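Keep in mind that what you see is a predicted model, and the values were worked out from it rather than measured.
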Amino acid sequence: MAEARPDPSGLPEAEAAPRSRWRPQLVWLVPLVAALIGGWLAVKSILDRGPVIDIVFKSAEGLEAGKTKVKYKDVDIGLVTAVSLSRDLRQVLASAELVKDFQPHLVEDTRFWLVKPRISGGSVSGLGTVLSGAYIGVDVGKSPRAQKTFAALEVPPVIQLDTPGREFVLRSADLGSLAMGSPVFFRRLQVGQVVAYRLDDNGRGMSLRIFVNAPYDRFVTDNSRFWNASGIDVKLGPGGIEVDTQSLASLLLGGVAFETPEESVALPGAAPDTPFELFADRARAMRNPERDVLKMVLLFDESLRGLETGAPVDFRGIAIGEVTAIRVELEPDSRRIVMPVEISLYPERLRLRSRDKDLPRLSGEARRRFLEELVAKGLRAQLRSGNLLTGQLYVGLDFFPQATTARIDWDSEPPGLPTTGGSLGELQASLQRVAGRLEKLPLEQIGADLRQTLQTTSRLLHRLDTQVAPEVVATLGEARKAVDTAQNMMAADEPLQQDTREAIRELGRTARSLRALADYLERHPEALLWGKKKSEP
């Protein structure tokens with residue numbers, strides 16, 4: 001074994017120090033456990049954190065970060081965490097953190113709105129927010145597509161999406177007095193509401209969406225009729241004044257009513273979003289729809305004041321059509337202004353009288369020949385007065401055999417039906433004829449004769465007063481004397497009165513004797529032959 005060489009430096013050789021073993025100390029366990037708990041809490045908070053959504057409002061009124069809550073059916077489901085302006089400064093962006101369980105309900109048709117005190121029509125909502133503050137309401141949608149950004153509604157929805165029932169669409173020329181929340185009536189029972197309305201894209205009408213609650217929605221069939229039930233419907237008929245209204249609510253807020261004809265009650269309920277026409281009143285709504293309509297035009301040279309769209313076309317008291325349009329046109333060739341009145345005739349209201357029950361309807365060329373024959377016999381259209389108080393006019397169809405020859409203008413569109421002067425025109429002509437005759441009368445001569453007659457009458461009255469009156473006074477004096485004499489003769493102490501009383505007493509005695517004789521003869525009728533027996537008193 002080799003020996004160790006001595007260090008030339010003279011220093012002693014260093015010895016290797018032994019390694020020390022590290023042992024964990026108990027004090028290190030506390031921060032380790034704290035770090036584990038903190039990490040677990042951080043992971044848990046991330047895992048339990050709910051979805052964060054953005055809701056776009058037009059203004060931040062009622063919104064406050066950290067205070068404004070999000071509620072669904074009055075249950076807290078979130079909190080507004082931040083409120084900021086959009087980049088174009090036109091909108092307000094509210095960020096809200098919701099509970100985790102609400103994540104599946106954040107879909108495309110979910111709706112948000114700000115709940116605050118509101119007065120709309122006849123309803124008051126959101127009074128509870130006066131003390132608690134405004135909050136954001138939620139209506140859960142049913143769409144399968146998820147969404148994170150929503151546009152808040154300006155007005156709370158009238159009907160929640162989970163309300164049982166069906167929506168329908170009504171077409172109308174104007175909105176009238178209807179508004180969101182206006183009631184829908186069925187047999188004067190409120191069964192729904194108007195939930196929305198909008199102007200058509202072409203600007204020619206309105207589209208209203210109504211919601212009918214279950215189970216009343218089953219009474220809406222494809223043949224149901226809807227009409228505007230707002231206000232009061234007053235009619236003057238043969239039975240007097242008739243007043244019709246649905247309820248006080250419809251009188252103040254407007255409303256829609258519907259009814260189903262008896263023959264259509266058994267039909268199945270209409271599908272959701274089925275379109276219907278909204279009529280002005282019940283009479284028009286319940287009128288049977290006309291399947292056969294014949295369009296014609298009438299040209300009048302007289303004033304049409306009082307004639308309105310919808311006025312009836314009458315044939316001897318039976319309405320067989322209505323006025324659909326009224327215009328005024330200038331004919332450049334003849335330099336004449338005419339008043340075209342378009343009408344719709346309903347041929348089905350004129351039934352063909354025949355023993356053949358299977359007689360087909362007149363149509364096409366057969367109908368054309370039939371109308372030409374009627375016009376050849378004097379069929380004309382005439383303006384007539386329907387109400388002298390209001391001045392309303394209607395179109396009357398009748399036969400005028402003395403009318404000038406005319407034909408239907410088939411070249412115009414629609415065809416032109418011949419017309420004749422209206423009854424008002426004839427009345428004016430008659431008044432003019434009467435006025436002309438009055439002008440021809442010798443009114444001055446008549447006045448002179450009348451003055452002479454009055455003078456003669458005055459002289460006669462004066463003569464009666466001066467000559468006849470004294471004689472009448474004398475006659476009355478003689479008559480008065482005769483009456484006085486008669487009264488004196490009837491005095492109680494006059495001989496005439498005494499003699500009269502004595503004569504009356506004698507008549508009484510005579511009557512008693514006759515009564516005694518009559519009684520005796522009744523007992524002894526044989527006394528008329530043999531006389532009275534001596535033994536009898």
Side-chain angles (χ1 to χ4, degrees), residues 37-121 123-165 167 179-181 193-198 209 211:
I37 293 175
W40 178 78
L41 290 176
V43 172
K44 186 176 185 302
S45 65
I46 294 175
L47 295 177
D48 291 345
R49 184 181 180 184
V52 177
I53 62 172
D54 294 328
I55 307 174
V56 180
F57 292 87
K58 287 192 173 182
S59 69
E61 181 184 3
L63 298 175
E64 190 173 355
K67 290 186 178 181
T68 304
K69 298 180 180 180
V70 182
K71 295 184 178 182
Y72 177 68
K73 294 185 177 181
D74 288 336
V75 177
D76 295 345
I77 60 171
L79 184 68
V80 175
T81 58
V83 179
S84 60
L85 290 171
S86 62
R87 292 183 179 181
D88 56 2
L89 303 181
R90 294 183 178 180
Q91 297 174 329
V92 174
L93 191 65
S95 298
E97 182 179 347
L98 307 182
V99 296
K100 182 180 180 181
D101 294 339
F102 207 76
Q103 174 71 47
H105 305 294
L106 297 175
V107 293
E108 197 173 37
D109 56 347
T110 297
R111 300 180 292 183
F112 295 85
W113 66 93
L114 187 65
V115 179
K116 59 182 180 180
R118 297 177 186 270
I119 299 177
S120 177
S123 62
V124 179
S125 61
L127 291 179
T129 61
V130 174
L131 300 177
S132 63
Y135 64 89
I136 297 176
V138 185
D139 187 19
V140 176
K142 301 179 181 180
S143 174
R145 300 179 59 182
Q147 188 169 311
K148 291 293 185 180
T149 303
F150 301 88
L153 301 177
E154 297 183 21
V155 180
V158 179
I159 301 295
Q160 303 294 326
L161 294 176
D162 58 351
T163 304
E167 285 190 7
M180 289 184 60
Q193 290 176 303
V194 176
V195 297
Y197 59 86
R198 69 177 182 86
R209 299 190 69 87
F211 185 85

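- Taking both residues in full, the closest heavy atoms of Met180 and Ala196 are given as CG-CA, 4.3 Å, listed atom of the first, atom of the second, then distance.
- Atoms CG and OG1, from Leu79 and Thr68 in turn, are 7.5 Å apart once rounded to the nearest 0.5 Å.
- Put simply, CG on Asp109 and CZ on Phe150 are 9.0 Å apart, with the number rounded to the nearest 0.5 Å.
- Two residues are said to be in side-chain contact when any heavy atoms from C-beta on lie closer than 4.5 Å; Glu167 and Phe211 meet this criterion.
- Looking only at side-chain heavy atoms (C-beta outward), Ile136 and Leu63 come within less than 4.5 Å of each other.
- When all heavy atoms of Phe112 and Ile55 are compared, the pair lying nearest together is CD2-CD1, 3.7 Å.
- The heavy-atom pair separating Val115 from Gly137 by the smallest distance is CG2-N, 3.8 Å.
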Return a table of donor-acceptor pairs under 3.5 angstrom between the side chains of residues 139-146 and protein atoms on other chains or two or more places apart.
{"residue": "Asp139", "atom": "OD1", "partner": "Leu161", "partner atom": "N", "Å": "3.4"}
{"residue": "Asp139", "atom": "OD2", "partner": "Arg111", "partner atom": "NE", "Å": "3.3"}
{"residue": "Asp139", "atom": "OD2", "partner": "Arg111", "partner atom": "NH2", "Å": "2.4"}
{"residue": "Asp139", "atom": "OD2", "partner": "Leu161", "partner atom": "N", "Å": "3.1"}
{"residue": "Ser143", "atom": "OG", "partner": "Arg145", "partner atom": "N", "Å": "3.3"}

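- For the pair Tyr135 and Asp74, the minimum side-chain heavy-atom distance is below 4.5 Å.
- Of all heavy-atom pairs between Lys71 and Asp76, the closest is CE-OD1, 3.0 Å.
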Under 3.5 Å, sequence neighbours excluded: what are the donor-acceptor pairs made by side chains of residues 87-97?
{"residue": "Asp88", "atom": "OD1", "partner": "Ser86", "partner atom": "OG", "Å": "2.6"}
{"residue": "Asp88", "atom": "OD1", "partner": "Arg90", "partner atom": "N", "Å": "3.2"}
{"residue": "Ser95", "atom": "OG", "partner": "Asp54", "partner atom": "OD1", "Å": "3.0"}

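- Note that NE2 of His105 and CG of Leu98 are 11.0 Å apart. Values are rounded to the nearest 0.5 Å.
- Atom CD of Gln193 and atom CD1 of Ile159 lie 4.5 Å apart (nearest 0.5 Å).
- The closest side-chain heavy-atom distance from Phe102 to Val70 is not below 4.5 Å.
- Nearest heavy atom pair, residue Gly62 against residue Ala134, reads O-CB, 3.9 Å.
- One distance of note links CG of Leu114 with CZ of Phe57; it measures 5.5 Å at 0.5 Å rounding.
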